[in-house]
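First the structure, in the form of structure tokens, and then the observations on it.
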Amino acid sequence: MPELAEVAYFANRWRPGLDERVREVVIHPKARVFRELERPRAMPEQLARKRFQEIRTHGKQMLFGFEDRWLVGHLGMSGKLWCAPVNHRVEKHDHLVIRLRHRQLVFTDPRMFGSWQLLDEAALDSLWNHLPPEVTDRRFTKARLAAFLQRRARRPLKAVLLMQECFPGIGNWMADEVLWRTQLDPRRLAGSLTEPEVAALWKKLRLVCRQAMRIIGTDWGTPPRTWLFPHRWKDGGCCPCGAPLVREDVGGRTTCWCPTCQES
DNA sequence: TCCTATGTTGTATG
DNA sequence: ACATACAACATAGG
């Protein structure tokens, strides 16, 4: 489910717990979501008694600060964060539960494509502080976009927009939304864009990221009907222009576009 | 039963 | 070394 703005939304579900201390951490040490931890069993004790102080996100990554330890989480395909009352009992897909005095911070993920890491200050510096610029960042320049499209010249645009190394936070629906607004066929090869097309793509990438964060990021609002978003999910949908939308596999992912608005 | 799912990664191949 | 293509991961729901 989660892309840029949904990730920001979920990260903020833990906000009510800020300033509280960790009483207990409950995990399933063998759950796939802890595959990046060297010693999953050590994690609960490393967080015990620490104060929850900070929430940040970067693309689809979330960072939670606990004094001198930082949890980095990724929600995968089906992960969710929420605050549970203190009497909540751990359920089947609750893989990480951080118990505070007044609530519990819960990570639920049926498919277990999500992942968690625990960083110390050195690891935080080497990992979190060297991420690529976000799409809305001033350093995400048109030249940077053009260079990346050239490097991935033989892949369809749709597949390229999903590459987190250049487009942190862009996922399946956001990629389709951006291409629809840019009126580019998702099957076009990245290296085939003209300079004005690159400029338009850059502009729409930034626009969709900003608007998604504003509408979905804080309270999971519903994007208006003027977006592709509400029309794209199942077969039989129509573009706001009236034409039937196409849904097909492009670059390994189901892709939705308007054959009228997005000419090849 | 079969197909799909808002994601990433490992591996084979060119 | 670099780029590309695709299976694999695990589960639920239609």
Side-chain angles (χ1 to χ4, degrees), chain A residues 1-11 13 27-37 57-62 72-82 91-96 107-117 127 131-132 135 147-181 186-192 205 208-209 211-213 215-217 220-223 227-237 245-257:
Chain A
M1 175 174 311
E3 302 179 20
L4 181 76
E6 291 98 343
V7 170
Y9 172 83
F10 280 126
R13 294 312 86 199
I27 65 172
H28 299 298
K30 286 191 283 191
R32 177 184 151 84
V33 295
F34 301 114
R35 62 196 177 278
E36 305 203 20
L37 283 172
T57 68
H58 180 106
K60 296 174 189 170
Q61 310 262 21
M62 306 172 296
V72 172
H74 191 295
L75 296 169
M77 198 83 103
S78 59
K80 290 175 173 43
L81 299 187
W82 54 293
E91 288 171 23
K92 186 177 176 191
H93 302 303
D94 299 344
H95 303 299
L96 169 63
F107 166 69
T108 304
D109 183 9
R111 292 177 72 180
M112 289 195 280
F113 292 169
S115 66
W116 291 89
Q117 288 175 273
L127 281 169
L131 296 170
V135 173
F148 190 77
L149 294 175
Q150 276 316 115
R151 192 144 68 81
R152 304 295 179 174
R154 309 272 316 148
R155 298 229 63 199
L157 280 173
K158 173 58 183 284
V160 173
L161 289 184
L162 293 175
M163 295 178 178
Q164 303 298 296
E165 67 210 83
C166 190
F167 310 104
I170 299 292
N172 207 26
W173 78 255
M174 291 187 80
D176 287 355
E177 187 77 37
V178 167
L179 291 171
W180 177 71
R181 295 200 192 194
R187 299 166 297 183
R188 281 276 297 278
L189 297 189
S192 75
L205 272 163
V208 169
C209 286
Q211 292 187 342
M213 285 296 267
I215 295 172
I216 301 169
W220 203 283
T222 310
W227 289 31
L228 176 64
F229 181 90
H231 311 282
R232 70 176 303 279
W233 296 105
K234 44 190 191 319
D235 290 334
L245 292 166
V246 175
R247 281 163 51 83
E248 266 178 36
D249 194 286
V250 178
R253 303 295 298 278
T254 298
T255 299
C256 179
W257 75 96

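All heavy atoms count here, side chains included; hydrogens, waters and symmetry mates do not. All chains are named by letter (A, B, ...) in the order of the sequence lines, taking the proteins before the strands, and each is independently numbered beginning at 1.
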Rounded to the Å, how far apart are [X] [atom1] and [N] [atom2]?
{"X": "A:D235", "N": "B:dC3", "atom1": "CG", "atom2": "P", "result": "15 Å"}
{"X": "A:L75", "N": "C:dA10", "atom1": "CG", "atom2": "C1'", "result": "16 Å"}
{"X": "A:Q117", "N": "B:dT8", "atom1": "CD", "atom2": "C1'", "result": "13 Å"}
{"X": "A:K158", "N": "C:dT4", "atom1": "NZ", "atom2": "P", "result": "17 Å"}
{"X": "A:D109", "N": "B:dA5", "atom1": "CG", "atom2": "P", "result": "18 Å"}
{"X": "A:M77", "N": "C:dC9", "atom1": "CE", "atom2": "C1'", "result": "10 Å"}
{"X": "A:R247", "N": "B:dC3", "atom1": "CZ", "atom2": "P", "result": "16 Å"}
{"X": "A:F167", "N": "B:dG7", "atom1": "CZ", "atom2": "P", "result": "15 Å"}

Gap in Å between the two C1' atoms, one belonging to B:dT8 and one to C:dG13, rounded: 23 Å
Which nucleotide sits closest to the side chain of [X]: [options]?
{"X": "A:T254", "options": "B:dG7, B:dT4, C:dA3", "answer": "B:dT4"}
{"X": "A:R151", "options": "C:dA3, C:dA12, B:dT8", "answer": "C:dA3"}
{"X": "A:R111", "options": "C:dA10, C:dA12, C:dA3", "answer": "C:dA10"}
{"X": "A:R32", "options": "C:dA10, C:dA12, B:dA5", "answer": "C:dA10"}
{"X": "A:K60", "options": "C:dA3, B:dG7, B:dA5", "answer": "B:dG7"}
{"X": "A:R253", "options": "B:dG7, C:dT4, C:dT11", "answer": "B:dG7"}
{"X": "A:M112", "options": "C:dT4, C:dA12, C:dA10", "answer": "C:dA10"}

[N] phosphate, OP1 or OP2: any side-chain N/O from [X] under 4.0 angstrom?
{"X": "A:Q164", "N": "B:dG7", "value": "no"}
{"X": "A:K234", "N": "C:dG14", "value": "no"}
{"X": "A:R155", "N": "C:dA5", "value": "yes"}
{"X": "A:H93", "N": "C:dA12", "value": "yes"}

Sugar-phosphate only, base, or nothing, as touched by [X] at under 4.0 Å among non-hydrogen atoms:
{"X": "A:A153", "value": "sugar-phosphate"}
{"X": "A:R35", "value": "nothing"}
{"X": "A:G252", "value": "nothing"}

Both conditions, 6.0 Å and 45 degrees, for the charged tip of A:R181 above the ring of A:W227: are they met here? yes
Report yes or no: is the cationic atom of A:R232 (NZ for Lys, CZ for Arg) closer than 6.0 Å to the six-membered ring centre of A:F229, at no more than 45° off its axis? no
Under the criterion of centre distance below 5.5 Å and interplanar angle below 30°, is A:F113 classified as stacked on the base of B:dT8? no
Tell me whether A:E248 contacts the main-chain N or O of A:T255 through its side chain, where contact means a donor paired with an acceptor under 3.5 Å. no
A:K92 side chain to A:P110 backbone, donor-acceptor under 3.5 Å: no
Do we see a donor-acceptor contact under 3.5 Å between the side chains of A:K80 and A:T108? no
Under 4.5 Å between any side-chain heavy atoms of A:H95 and A:W116, yes or no? no
So what's C:dC6 paired with, Watson-Crick or G-U wobble, going by both distances under 3.5 Å? B:dG10
